Structures are given as C-alpha cells and as structure tokens.
Amino acid sequence: MVQERLCPYCMKVLPAQVTSCPHCGKVFVGRNPAGSLPVGSMLGGRYTVGEMLTMDGEGILYSGVEDLGGFRVTIKEYLPFTLAAERGEDCILHPKKGSEVLFKTTRMDFADLYHAIQRITPATGLEAVLDVVEANNTVYAVLEDLGGTPLDEWLDARSATLRAEEACAMLRPVFEGVAAMHKIGLVHRGICPENIRVMADGRCRLAGYGTVGLRTAGSGLHEQLYEGYSAPEQYTTAEFEGRYTDEYSLAAVVYRMVCGQAPVPAAQRTVSDANPRARTLNPGVPAYVSDVLQLGLRLRPMERIQTVPQLYQALSSKEYTAELNRTMKPENPAHPGEQEVRRHLFSVKGLLAAILILLSILILMTLWGILQKRGEEPPASVESQPASSEVMEPENLVPNFMGLQYAQVQNNREYMGMYLFYVTQEYSDTVPAGQIMQQEPEEGTVLKAGETIRLVVSKGPQMTEMPDIIGFTQDSAIKELESRGLIASCFMMVNDGSYAAGCVVSTSENAGDSVEVGTVVTVYIAADPSVQITTTPEGSSSSEETAPPEVPAEGAAEPEQTTNE
C-alpha cells in the first residue's frame, strides 16, 4: 500500500502525482534551489519534504511533514558541497571524482551521529532525532520541529542582561542534554545562542548537531564555526576535541547572557588574549561567577574546567568555585600582555644577534687582509670555525611515539612546545582507541624545532548498529547485514506454524546494539512447518546458548544449518 502524502504547507492529503496542492494552492515546482530536493519529495515512505530552510558545509535543512502522524518535522540531508557533485533530476547524490572515500566516511559519521542521538532523545534538553533514513545515495536525519525562539534573537530583544541564577535556570536542560551526549561519547561542538531555542516556558533546548568535520577547521568540509563560542582547539586538526570543548562553548553562552556580549573569538585570543573578565563588563556579576567563567574560557584545554556538570555546579556554588580555584593549574601565560613583552624581547635579541654577526664579519675581513699582506694563506681553522655569534637552529631526534596514548603527547608541554603535530584518526581492530599507531618521520630522525610530525591515532574497531531484521526473508536479512559490514550465519529453526516460513525469528545480536564491523551474526530462520529439523548449529555447546528467545513447540527437534552460498 502506497502511503498518502500530506501537503508540506497545509498538511492536507495530496492526490497522487500532483505538483501543487489543490487545497491551499501552493505550487511545489521551483520552490527549492537547483541541487536540493524538490518540494513534495517523499522519503522513507512517510516523510514529505518541504522548503529549504538553511544550508551549511555538511548539508541542507528542510521543513517537512510526517505523513502517518500528521505533524511537522525538519529534515537534515547530508550534502557536503565540497565533496558532492551536482545531481540530476533523479535526486541521486554522487561524490566528486577523487572524493569518493572521504564522502563515504563522512556520510557514515553523519549517520552514526544521528543514530546515537536518536537513542538518547527526546528525554533530554536536546532536539529529538525521530528517524534516520538512507535514500538517494545519502542519509537524512528527521528531527522534531522545535519551535521556540533562537536564544540570540531572544537576548537581542532584551534591554538588560540576566542574573547568573536566571541564566543557569534557563540553560539547565541544555546542560543536562550535553552531559547525556558526553556520556555516550558524543561532543556537540556547535553550542551557541544561534543553536539554542528558548521555549514557551522560558527553558532552553539545544539543536544544531554536526559532525566533527563540520565543526573543525581544515577537515575537508566547509567548516561551520561560531565566533566567540567555538573553542580554540576547533580551529586546527592538530588538537583533539573533547568534553572540555563543549564546556568552553557553554561558558561562552553564559558569559553572553550575563555580560551582554560574546567573548573575544578564540582565534583572536590565541594571538593576543584580551578577553575582559565578566565582572569588568558588568560589575553586577558576582565575583565567583566571574571566576568560574574565567576558568571555563581558558585557552588551553587541560587548564580549563573539564566537564559540563563541573561548570554548572561551579556557577551554582561559591564554595565549589573556591575549591576549583585551589585545585586547578594556574593559567599560562598569566597576563594578557605577556605576549607583547615576549615579542619585544625577541626583537631586541634579534637586533643584538645581527650586530654581533656584522662585527664577526668585519673581524674576519680584517684578519684576511693582514694575512694576505704577509703572503700567508689564512689558517684553515679560521675558515672552518663558524662565528661565535652565528645563530644555529636547534635540531632534535624524533622520539618514539608508537604505542603511546595521544593524550600523553598532547599533555606533554615539552613535545607540544617543540613540534607541530598533524593528527589523523583511523579505525583499527588491533590498536586500542586513542593510541598512536603510525608516525612520520620515524624515531631517531633529525628534526628542527617547530617542524611537523604526522601521527595516526586509532579510533578503535569500527562499530555499526545492529539492524532490526526480525521478519525479514533470509536473502533480505543477509543483504541488510552485509550492507553494514556484518556476516550472516543462518540456521533453520523448527516451526509449528507460529512463524512465517523462510523469515527471521531471532538473532544472536540485539537490534540497536553497537556491534563491531566483521562480527558473525547468527540468524535463526523459521522452517516450513512440514520440514523435520534434526541437527544443531555447528559450534553449539548447548541448546540454551543457540536457541532463540521463544521455543516454537515442546519437544521440537534442534535447528539445522542452511547453506549461505
């Protein structure tokens, strides 16, 4: 049965094959730009696409309608314009030549992100992910239509700043939602007033999800960073991002709410940090709140508040803030003007070095003239010895980083001060996540200070979500598992007529679980009721280990393995 479409404007049922709504008169053709989905397109047999709302480096956000329940949704399409070629009237998306691998891996990251958020929403202060649909050689995330008012617009409409306790009360659901993301290993990376909605009850909810590629400069996608709210580590691929990245952004949002302006952008602060304290901008901000925001907005990740719960507790408790001040490392450099002082010292040193080099050259020329007058060759020692004032660039032997956790390198000030690191991540079935598995150049190579070392860090084994294949035919189940990198091992189960013959009854992995790619999944297929099953699956130690959750009939024979060739 073909599902009826609803008009994305008036939400009334549309006749088949129409290009305009007979109820509200809206014409669908030409509403969306070329390259995007046309208004009225159907996804997953239950979602009708509406008008394009916004576009970023990762894809397009559309309005939409859920046709079965008759409610509005938003639909995010994965369409990275730096990696995707133009698509034709069939709406199939193709990668640009040479970008096939990156397109595929980032598309997988997009699907994994929204599948993970789907499992923790809507019971948090996060915009709920309702569904993830694969179609047109790409992925679509179906999101709830949040409504509400963007926090940046809400703040601009106010004439006064908020008190710290008011800001915390409004943002509490967002703090809880971000903590829930961190608990399952996700980092938002896009927390800012633009992506926070103020709801009718005055409390806030967070939207604006994005993959790491979208929210990190130099990743291959056209990055989307938020000036004043994106953390310093997001401006380079050489730094890992973590929970402290979202903590920085949330501290920046609170700063905006209590001070009336955003912090100085992180890229600018790394050159010359002149971000004023909150209490300087608004003397009404309590001293301890000003201290918390100062700790939360530190440039170096390891020196700032590490988690969102810590930030919330500190904003709510003067005593906890005092404890943080006692236990956290002092910020380095301690004074905003220190970089100017250093630059001045370097310029003086450079001038002195130039003077010494000139004097050395004059002395050598004088000695050469004296020796020639005497008819003697200049001593070899004079030629071979460099001037004592010559500036030599320090050279070092590259250490062995193989097998170390990247966090050990990142937290080592000697390494980070001596070299630049270009870090990439790859899946590995043998190397634990976070461990360095490749380096270039090799250990012992002579390298000048400031040159780049390339590191490859393990992401651990590649994981995929176990699909729900109960009720699938055997062939369909095998194809679905293979599409996710899983291996099907099928066994026939005795059937007293309770199950559809030839269809999946149960599996050894639960639907929705995270499973390592390459895992062998045992699939139990219902036999025809007339078939007598007499053998057990190979490798079974007991019927209790291999039988599905439901036993079809008392005294039934054991299952028989089928061929899968």
Side-chain angles (χ1 to χ4, degrees), residues 47 49-66 71-79 109-133 139-156 167 170-182 184 186-215 221 223-231 234 245-250 252-254 256-257 262 308:
Y47 306 105
V49 176
E51 290 190 16
M52 187 179 90
L53 300 175
T54 59
M55 184 176 184
D56 57 35
E58 188 174 64
I60 299 175
L61 186 69
Y62 305 90
S63 62
V65 176
E66 202 279 353
F71 56 87
R72 298 193 182 279
V73 295
T74 55
I75 301 170
K76 180 69 177 286
E77 178 184 32
Y78 177 73
L79 197 163
D109 290 341
F110 181 92
D112 289 346
L113 169 68
Y114 283 96
H115 274 303
I117 297 173
Q118 185 180 12
R119 289 193 286 268
I120 62 172
T121 56
T124 62
L126 304 172
E127 179 183 36
V129 176
L130 307 177
D131 200 358
V132 180
V133 177
V139 181
Y140 300 86
V142 182
L143 310 162
E144 69 172 319
D145 185 15
L146 264 184
T149 305
L151 180 59
D152 54 347
E153 295 179 13
W154 190 88
L155 291 171
D156 289 341
M170 289 181 66
L171 291 174
R172 181 169 183 171
V174 175
F175 276 91
E176 293 171 351
V178 176
M181 290 184 69
H182 292 174
I184 63 169
L186 297 179
V187 182
H188 190 283
R189 300 181 180 88
I191 300 171
C192 64
E194 182 180 333
N195 287 332
I196 296 174
R197 295 278 177 150
V198 182
M199 309 309 290
D201 61 1
R203 291 160 71 82
C204 295
R205 293 179 70 186
L206 179 63
Y209 309 119
T211 60
V212 60
L214 179 65
R215 302 280 166 72
L221 299 182
E223 68 268 11
Q224 182 188 50
L225 300 178
Y226 299 96
E227 294 298 316
Y229 302 98
S230 294
Q234 294 180 254
T245 302
D246 285 344
E247 184 281 333
Y248 181 100
S249 299
L250 270 172
V253 171
V254 176
R256 164 68 179 89
M257 295 173 79
V308 166

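Start at 1 with the first residue, then count along the sequence. Keep in mind the model is a prediction, meaning the values are calculated, not measured.
- Within 6.0 Å of atom CZ in Arg172, 12 or fewer heavy atoms from other residues, nucleotides or ligands are found, so the atom counts as exposed in its surroundings.
- Shown here for Gly64 and Ile75, the closest heavy-atom pair between the two residues is CA-CD1, 4.3 Å.
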Exercise. Could you check Thr74 against Leu146 for side-chain contact (heavy atoms from CB on, under 4.5 Å), going step by step and ending with a plain yes or no?
Key: CA-CA 9 Å; Thr74 55; Leu146 264 184; over 6 Å; no

Exercise. List the steps and the verdict of side-chain contact (heavy atoms from CB on, under 4.5 Å) for Glu247 and Leu250.
Key: CA-CA 5 Å; Glu247 184 281 333; Leu250 270 172; 5.9 Å; no

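- Every side chain to side chain donor-acceptor pair (under 3.5 Å) that Arg205 has, sequence neighbours left out, goes to Glu144.
- Residue Phe175 holds its CZ atom at 10.5 Å from SG of Cys204, rounded to the nearest 0.5 Å.
- Once rounded to the nearest 0.5 Å, the distance linking CD1 of Ile117 with OG1 of Thr124 reads 9.0 Å.
- Evaluation of the ring pair (Phe, Tyr, Trp, His ring centres under 6.0 Å) rule for Tyr78 yields Phe103, Phe110 as partners, not counting sequence neighbours.
- In this structure a side-chain-to-backbone donor-acceptor pair under 3.5 Å is missing from Asn195 to Ala207.
- Residues Glu127 and Arg197 fail the side-chain proximity criterion, which asks for heavy atoms closer than 4.5 Å.
- Qualifying ring pair (Phe, Tyr, Trp, His ring centres under 6.0 Å) partners for Tyr226, counting only residues two or more places apart in sequence or in other chains: none.
- No side-chain donor-acceptor contact under 3.5 Å links Gln234 and Arg189.
- Val129 has its side chain out of reach of Arg119: every pair of non-hydrogen atoms, C-beta onward, lies at least 4.5 Å apart.
- Leu130 is not listed as a side-chain neighbour of Tyr114, based on a closest heavy-atom distance of 4.5 Å or more.
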Quiz item: Can you check side-chain contact (heavy atoms from CB on, under 4.5 Å) on Val253 and Ile191, steps first, answer last?
Solution: CA-CA 8 Å; Val253 171; Ile191 300 171; 4.2 Å; yes

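- Rounding to the nearest 0.5 Å gives a distance of 5.0 Å between CD1 of Ile60 and CG of Leu79.
- Two residues are said to be in side-chain contact when any heavy atoms from C-beta on lie closer than 4.5 Å; Tyr209 and Lys76 fail this criterion.
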Practice problem: Would you check, one step at a time, whether the test side-chain contact (heavy atoms from CB on, under 4.5 Å) holds for Val178 with Asp246? | Solution: CA-CA 8 Å; Val178 176; Asp246 285 344; 3.8 Å; yes

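- For Arg72 against Asp145, the heavy-atom pair with the smallest separation is O-CB, 3.6 Å.
- To the nearest 0.5 Å, the span separating CG on Leu206 from CD on Glu176 amounts to 12.5 Å.
- Separation of atoms CD (Glu58) and CG (Leu214) is listed at 4.5 Å; rounding is to 0.5 Å.
- Glu77 meets the side chain to side chain donor-acceptor pair (under 3.5 Å) test with Tyr62, Arg87, Tyr140; sequence neighbours excluded.
- Here the side chains of Leu151 and Glu194 are not in contact, with every heavy-atom distance at 4.5 Å or above.
- Considering only heavy atoms from C-beta on, Val65 stays 4.5 Å or farther from Phe71 through its side chain.
- Side-chain N or O atoms of Ser249 include one that pairs as donor or acceptor with a backbone N or O of Tyr229 at under 3.5 Å.
- Side-chain contact between Leu126 and Met181 is present, with at least one heavy-atom pair separated by less than 4.5 Å.
- Interatomic distance, OG1 of Thr121 versus CG of Leu143, reported as 8.5 Å (0.5 Å rounding).
- Taking both residues in full, the closest heavy atoms of Gly202 and Met170 are given as O-CG, 3.4 Å, listed atom of the first, atom of the second, then distance.
- Contact annotation: the side chain of Val254 approaches that of Leu171 to within less than 4.5 Å [non-hydrogen atoms, C-beta and beyond].
- A search for side chain to side chain donor-acceptor pair (under 3.5 Å) contacts involving Ser230 returns nothing, not counting sequence neighbours.
- The pair Asp156-Arg256 meets the salt-bridge criterion, with a side-chain N (NZ, NE, NH1 or NH2) lying under 4.0 Å from an Asp/Glu carboxylate O.
- Applying the side-chain contact (heavy atoms from CB on, under 4.5 Å) criterion to Ser63, with sequence neighbours excluded, gives Glu51, Leu53.
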